[in-house]
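The next block holds one structure in the form of structure tokens; read it before the comments.
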There are 2 protein chains.
Amino acid sequence: MKRHVLIFGLVGGLLIATLQYTQYRFVVIEHSVELYSALVAVLFSAFGIWLGLRITRRRETIVVREVLVPATGGGAAPGAAFVPDVATQQRLGVTARELEILALIASGLSNREMAAQLFVSENTVKTHCARVFGKLGEARRTQAVQRGKEMGLLP
Amino acid sequence: MKRHVLIFGLVGGLLIATLQYTQYRFVVIEHSVELYSALVAVLFSAFGIWLGLRITRRRETIVVREVLVPATGGGAAPGAAFVPDVATQQRLGVTARELEILALIASGLSNREMAAQLFVSENTVKTHCARVFGKLGEARRTQAVQRGKEMGLLP
DNA sequence: TGGAAAATCATCCGAAAGGGTGACGACAAG
DNA sequence: CTTGTCGTCACCCTTTCGGATGATTTTCCA
């Protein structure tokens, strides 16, 4: 990355120098700034395109297809029921109810559905959501679910 | 593509006009061409990078490589990169772009963030969302993610 | 080279989600 | 008895999401 910045600087400097030089040649010509501008624009657009391609080189996404031997079955709960990371949970101050809400969020329920399932009001669900979002440091339910999985709070 | 050329022309023309205007302001200042040049360089470099990213987001060449794994059933498959179930994907008619969107949804991004990351408009992201939701038979993003995981479209 | 598929973008509108705040009751601990 | 925590509920407001629909452009294949 530093190399690109360096190249950028070099090209810029070179161009400035070139302009300095050409300025003396065309100093008598009026309205030559537009010419310079166009030149610089085209040049640096090309450079930008090159740079954009360079720094975002298409990494070949090699997809490794797993052919599972029919054993435990990877996806769902493999035998033993999931055990949330109690240490992490207590460290974050996540209560049991909030974790329950988070799990329901992860299963894709809406606030209304959660409220119906837990026999509480939708507002309560929203409060729990807000609390657990705050404790996880996330703002959206999808993010919170992702975070919960990373931290061992969710299967 | 034509639109990009058009945008290029517009930006260029706008800049030329701006320079024309500012030239009268700084006409008394010597050596201001360097300033113009630097301005134009930075501006069009950014534009070029954007354009380069924009017009070259070609379909990533997916190389499917089948590998036998012992089916440990662990959570995050170590080592092996993930593996969308191509059969399921094609059966549902989920395009690569839509699957990409679904993966970003699963990682917790909002539509706006996805749009910024993919260099498309938020509306486009929403369209992709709606399509993939329809194909998965779900209505909410959390549900769609859950479904995608169950069906092997997501890790 | 023409058409199908896919991707892109847009607009309108309603629903859902989220932030902030305040409040009330239960319950355990001091 | 006071205090703190937790669960519960409510209100208002803004943001985000999702559905429906139409249009244009790009890509790809026959």
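Naming convention: chains lettered A, B, ... in sequence-line order (proteins, then strands); numbering from 1 in each chain.
Between the CD atom of Glu98(A) and the C1' atom of dT8(D) there is a distance of 13 Å, given to the nearest Å. Look at CD on Glu138(B): it is 18 Å from P on dC17(D), rounded to the nearest Å. Between the CD1 atom of Ile101(A) and the P atom of dT8(D) there is a distance of 8 Å, rounded to whole Å. Rounded to an integer number of Å, the gap from Arg97(B) CZ to dA6(C) P is 14 Å. Across the protein-nucleic acid pair, Leu102(A) atom CG and dG7(D) atom P stand 14 Å apart, rounded to whole Å.
For Thr124(B), no side-chain nitrogen or oxygen approaches OP1 or OP2 of dA10(C) to under 4.0 Å. Dashed line: the shortest gap from a side-chain N or O of Ser121(B) to OP1 or OP2 of dC9(C) is under 4.0 Å. The phosphate of dC9(C) (OP1 or OP2) has no side-chain N or O of Asn123(B) nearer than 4.0 angstrom. Using a 4.0 Å cut-off, some side-chain N or O of Thr95(A) falls inside it from OP1 or OP2 of dG7(D).
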Problem set entry | Heavy-atom protein contacts under 4.0 Å, nucleotides 24-30 of chain C, coded B base, S sugar-phosphate only, - none | -------
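The minimum heavy-atom distance between Val94(A) and Leu99(A), with the atom names listed, is CG1-N, 3.9 Å.
Residues forming a salt bridge (charged side-chain N to carboxylate O under 4.0 Å, His left out) with Arg91(B) (at least two apart in sequence, or on another chain): none. Among residues two or more places apart in sequence or in another chain, the side-chain hydrogen bond (donor to acceptor under 3.5 Å, both in side chains) test is passed with Gln117(B) by none.
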Pairs: protein N or O with nucleotides 13-18 of chain C N or O, under 3.5 Å:
unit_1, atom_1, unit_2, atom_2, d
dA16(C), OP2, Arg112(A), NH1, 3.4
dA16(C), OP2, Arg112(A), NH2, 3.4
dA17(C), OP1, Asn111(A), N, 3.4
dA17(C), OP2, Asn111(A), N, 3.2
dG18(C), OP1, Arg141(A), N, 2.8
dG18(C), OP2, Arg141(A), NH1, 2.7
dG18(C), N7, Lys126(A), NZ, 3.3
dG18(C), O6, Lys126(A), NZ, 3.0

So which protein N/O to nucleotides 20-23 of chain D N/O distances come out below 3.5 Å?
none

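When distances run from any side-chain atom of Val120(A) to the nucleotides dA7(C), dT8(D), dC11(D), the shortest one goes to dT8(D).
Overall, the helix from dT1(C)-dA30(D) to dG30(C)-dC1(D) carries an axis bend of 50° between its ends, with five pairs at each end and the value rounded to 10°.
Between the CG atom of Leu136(B) and the CZ atom of Arg147(B) there is a distance of 7.0 Å, given to the nearest 0.5 Å.
Each of Leu102(A), Val132(A), Val120(A) was checked for a side chain to side chain contact (heavy atoms under 4.5 Å, CB included) with Arg97(A), and the lone residue meeting it is Val120(A).
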